[in-house]
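Accompanying notes for the structure given below.
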Amino acid sequence: MREQVQKLLQEAAERVVREIHPSQLERLGPIQVVPAKQPEYGDFTSNAALMLAGPLQRPPRELAARIQAMLRDPDGVIERVEIAGPGFINIFLAHARWHDLLIRILREQERFGFGGDPGERVQVEFVSANPTGPLTIGHGRNAVLGDAIVRLLEATGHEVTREYYFNDGGRQMRVLGESLRARYQQQLGREAELPEDGYQGEYLCEIARTLAREQGDAWLDADWTRFKQAAEGAIFKDIRKTLERLEIHFDVYFNEHTLYADGHVETTLSDLRATGLVYEADGAVWLRTKELGLERDRVLLKSSGEPTYLLPDIAYHREKFRRGFERIIDVLGPDHIEQFPYVKAALGALGYPADDLEVVVYQWVNLRRGTELVKMSTRAASFVTVDEVVDEVGADVFRFFMLERRADTHFDFDLDLAKERSERNPVFKIQYAHARLCSIERVAVEREVELPEPEDICFARLQSPQELELVKRLERYPETLLHAARAREPQEVARYLLALATAFHSYVSDSTRHRVLSDDKELSVARLALVRAVRITLGNGLGRVGISAPERM
RNA sequence: GUCCCCGUAGCUCAGCUGGAUAGAGCGACUGCCUCCUAAGCAGUAGGCCGCCCGUUCGAAUCGGGCCGGGGACGCCA
């Protein structure tokens with residue numbers, strides 16, 4: 001609908017330019033048509049005349065008038081045009097055009113608003129927490145954000161793989177194994193101390209208790225590797241369980257280890273060498289990233305001969321390209337943002353389309369107790385887990401918490417406040433609207449009000465401002481979805497849903513108290529159709545951000 | 001010290017590629033349930049959009065500089 005209006009105005013603007021200043025024609029970009037902020041400004045507004053005023057050297061209001069005169073509207077899309085303020089062109093649509101939209105929603109049902117992008121093979125890597133402890137709030141933000149982005153991309157037409165990358169080698173895991181061994185030995189009454197910088201969390205004691213129960217003292221003298229494996233297994237199980245509660249599933253769990261086992265790290269290194277960007281200094285092997293425009297050079301192999309984390313990271317992302325993904329998205333915390341350009345530059349040097357590799361950065365969630373800011377640390381056991389919060393507020397509220405703000409804003413998390421907030425969380429307003437809509441449809445069934453074919457509904461009966469307001473909001477759903485997907489910003493959908501829910505509540509609760517079902521059969525049917533379109537859209541949008549759409553509350 | 005993110009209502013945050021009177025949720029205050037769910041609705045109060053320059057017909061939005069908060073700058077994953 002908006003596209004239609006845009007096209008008509010574009011053509012009119014072109015005619016005007018041709019008339020006044022033909023040489024400026026190629027400088028005329030796409031003109032802007034946006035939904036009007038207020039009903040008095042019509043349905044859509046364009047600032048075309050203001051934009052053209054400069055290049056054409058004419059007053060904007062004059063240009064607006066000429067554009068208006070040049071409008072050709074053979075299909076009768078536009079009811080009338082007004083020129084307002086400094087030169088805004090306000091478009092009032094013919095009501096019948098809105099009816100087409102409702103018909104479309106009723107026809108497309110849960111697929112309304114889908115598509116819009118040419119399907120690409122996309123991989124989204126998110127969470128990627130190493131199995132050293134339970135998922136914390138920070139991981140939770142990552143998880144919810146990544147999952148919502150996937151859902152959005154799927155809706156707009158992409159084929160998406162969800163991937164979780166982890167590393168169970170390295171010093172970190174050794175410390176974990178040694179920490180568990182100490183806890184296990186303590187369980188069996190032995191004097192044992194956690195290693196320095198060991199993992200202090202209670203969860204390791206729990207694992208140790210289970211281990212003591214199952215194994216007795218059989219592992220008393222086992223070395224740390226067995227404990228590492230035991231810890232990893234138990235922790236991963238918990239991580240998956242936590243993700244399960246949030247209804248987050250992965251297609252692939254990728255272990256960094258396989259990059260070594262399959263020789264990818266090695267071949268990546270030799271291919272990098274072949275680019276001539278590798279050199280040796282101080283006994284280490286370096287990558288000349290400074291030459292690629294970055295801050296400094298980076299070490300690939302330490303003087304000990306071991307790779308740094310950068311090398312497998314490059315190998316991993318190369319594998320992603322090799323696996324045929326056309327677009328690769330990493331959801332990362334701010335601690336990885338510095339690292340990312342180096343991986344990208346290396347891939348570019350290896351001949352891969354580095355621009356198709358993209359990162360979504362989210363900011364830390366600060367943990368606050370009262371006024372005191374607590375530093376989150378898995379090792380020091382200073383964290384709030386996703387499970388704790390979900391226990392308190394439920395998965396839907398948790399997801400909404402993480403999705404209602406932009407990923408790149410910092411925010412403070414206070415569990416007490418979260419509990420308080422869960423009572424009156426905006427997510428309920430959306431869900432409640434959905435439940436009320438379902439309720440209306442149930443009553444319709446009781447009263448045997450049925451919807452005929454959409455084309456046979458007399459939508460012209462929908463005339464109140466609240467009804468038009470609802471339809472206009474519905475019209476914005478597809479573009480909201482598409483924009484949110486392209487910008488990787490699920491919060492746009494969350495906010496859209498809140499606005500749509502509010503418009504609905506207002507429709508049935510404000511002083512006009514619209515009754516959907518009444519003695520007026522024709523009106524009842526029209527309103528029922530509208531209400532169903534709202535329900536479809538709300539349910540659809542909730543699904544896109546992974547929040548349930550209850551039929552009763 | 002260098003780089004990145006953020007600074008909008010009491011609190012938490014929106015504000016899309018600059019556009020007409022700056023919005024929402026929570027909190028505060030006032031009203032509203034014989035009615036398809038009051039987890040709702042209607043209304044009131046509350047803002048030098050961190051500060052200063054600049055670009056523009058027009059800046060919360062773009063550019064520069066300051067101030068404040070967070071993060072990153074290793075042969076640590």
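Only a predicted model underlies this, so the values are computations on that prediction, with no experimental measurement involved. A, B, ... follow the sequence lines: proteins, then strands. Residue 1 opens every chain. Below, all heavy atoms of this structure are taken into account, side chains as well, without hydrogens, waters or symmetry copies.
Checking each of R405(A), R495(A), R406(A) against E489(A) for a salt bridge (charged side-chain N to carboxylate O under 4.0 Å, His left out) leaves exactly one that passes, namely R406(A).
Comparing rG40(B), rA20(B), rG15(B) by their closest approach to the side chain of Q491(A) singles out rG15(B). Listed candidates were rG15(B), rC36(B), rC76(B). Nearest to the side chain of K302(A) is rC76(B). Checked against rA14(B), rG19(B), rC32(B), the side chain of R513(A) finds its nearest nucleotide in rC32(B). When each of rA39(B), rC76(B), rC75(B) is scored by its nearest atom to the side-chain atoms of Y309(A), the top-ranked nucleotide is rC76(B). For M553(A), the side-chain atoms get nearest to rA39(B) when compared with the rest of rC13(B), rA39(B), rA38(B). When distances run from any side-chain atom of R515(A) to the nucleotides rC41(B), rA14(B), rC36(B), the shortest one goes to rC36(B). Taking the side chain of E40(A) as heavy atoms from C-beta on, and the options rG15(B), rC75(B), rU21(B), the nearest nucleotide is rU21(B).
Under the stacking criterion of a centre-to-centre distance below 5.5 angstrom and an interplanar angle below 30°, F88(A) sits stacked against the six-membered ring of rA20(B).
Salt bridge status for E441(A) with R535(A): present, with a side-chain N to carboxylate O gap under 4.0 Å. A salt bridge links R80(A) with E82(A); the closest basic N to acidic carboxylate O contact falls under 4.0 Å.
Shown here, rC33(B) is classed syn by the O4'-C1'-N9-C4 or O4'-C1'-N1-C2 angle, which is within 90° of 0.
The side-chain tip of R141(A) does not point at the ring of Y362(A) from less than 6.0 angstrom away and within 45° of straight on.
Nearest heavy-atom pair across A148(A) and L403(A) is CB-CD2, 3.9 Å.
In terms of position along RNA chain B, the nucleotide closest to N90(A) lies nearer the 5' end than the nucleotide closest to the other residue of the pair N90(A) and H505(A). Comparing A36(A) and A281(A) along RNA chain B, the residue whose closest nucleotide (by nearest heavy atom) sits nearer the 5' end is A36(A).
Figure legend. rU2(B) is base-paired to rA72(B); pairs are counted as Watson-Crick or G-U wobble with both atom distances under 3.5 Å. The partner of rG43(B), taking Watson-Crick or G-U wobble pairs whose two distances both stay under 3.5 Å, is rC29(B). When Watson-Crick and G-U wobble pairs are counted only if both distances are under 3.5 Å, rG7(B) pairs with rC67(B). With a cut-off of 3.5 Å on both Watson-Crick or G-U wobble distances, the partner of rU34(B) is given as none. Of all nucleotides present, none satisfies the Watson-Crick or G-U wobble test against rC48(B) with each distance under 3.5 Å. When both pairing distances are held under 3.5 Å, rA24(B) makes a Watson-Crick or G-U pair with rU12(B). Nucleotide rG54(B): paired with rC62(B) (Watson-Crick or G-U wobble, both distances less than 3.5 Å).
Residue L176(A) contributes atom CG, which lies 13 Å from atom C1' of rA77(B) at whole-angstrom precision. With rounding to whole Å, R486(A) atom CZ is found 14 Å from rU17(B) atom P. Separating the CE atom of M173(A) from the P atom of rC76(B) is a distance of 19 Å, rounded to the nearest angstrom. N47(A) places its CG atom 16 Å from the P atom of rG58(B), with the value rounded to the nearest Å.
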List, with names and distances, any nitrogen or oxygen atoms from the protein found under 3.5 Å away from nitrogen or oxygen atoms belonging to nucleotides 24-26 of chain B.
residue : atom : partner : partner atom : Å
rG25(B) : OP1  : K429(A) : NZ           : 3.4

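If you check every strand for non-hydrogen atoms under 4.0 Å, D510(A) touches sugar and phosphate atoms only. Here E295(A) lies in heavy-atom contact (under 4.0 Å) with sugar-phosphate atoms only. Within 4.0 Å (heavy atoms only), E256(A) reaches sugar-phosphate atoms of the nucleic acid but no base atom. Within 4.0 Å of R552(A), counting heavy atoms only, lies at least one base atom of the nucleic acid. Within 4.0 Å (heavy atoms only), M51(A) reaches at least one base atom of the nucleic acid. Within 4.0 Å of Q339(A), counting heavy atoms only, lies no atom of the nucleic acid at all. As judged by a 4.0 angstrom heavy-atom cut-off over every strand, S506(A) is placed among residues touching the sugar-phosphate backbone only. Note on H434(A): nothing from the nucleic acid sits closer than 4.0 angstrom, heavy atoms only. Among the atoms of the strands shown, none is found under 4.0 Å from any heavy atom of E479(A). When heavy atoms are screened at a 4.0 angstrom cut-off, A84(A) is found touching base atoms of the nucleic acid.
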Original post:
Between N255(A) and D168(A), does a side chain to side chain donor-acceptor pair (under 3.5 Å) hold up when you go through it step by step?
Top reply: CA-CA 7 Å; N255(A) 190 336; D168(A) 63 355; 3.2 Å; yes
Original post:
Where do Y164(A) and F254(A) land on the ring pair (Phe, Tyr, Trp, His ring centres under 6.0 Å) test, with the steps shown first?
Top reply: CA-CA 6 Å; Y164(A) 186 126; F254(A) 195 105; over 10 Å; no
**OP:** Go through the steps to decide whether M553(A) and F428(A) satisfy the test side chain to side chain contact (heavy atoms under 4.5 Å, CB included), and finish with yes or no.
**Re:** CA-CA 9 Å; M553(A) 281 177 77; F428(A) 292 132; 4.0 Å; yes
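Side chain S304(A) to base rC75(B): no donor-acceptor pair is found below 3.5 Å. A donor-acceptor contact under 3.5 Å links the side chain of T45(A) to the base of rA20(B).
Neither OP1 nor OP2 of rA77(B) sits under 4.0 Å from any side-chain N or O of T308(A). Within the structure, every side-chain polar atom (N or O) of K37(A) is placed at least 4.0 Å from both OP1 and OP2 of rC16(B). Between Q32(A) and the phosphate of rC16(B), there is no side-chain N or O to OP1/OP2 separation shorter than 4.0 Å.
A distance below 6.0 Å separates the ring centres of F236(A) and F166(A).
A donor atom on one side chain and an acceptor atom on the other are found under 3.5 Å apart for Y507(A) and E467(A).
For the C1' atom pair drawn from rG25(B) and rA72(B), the interatomic distance equals 32 Å after rounding to whole Å.
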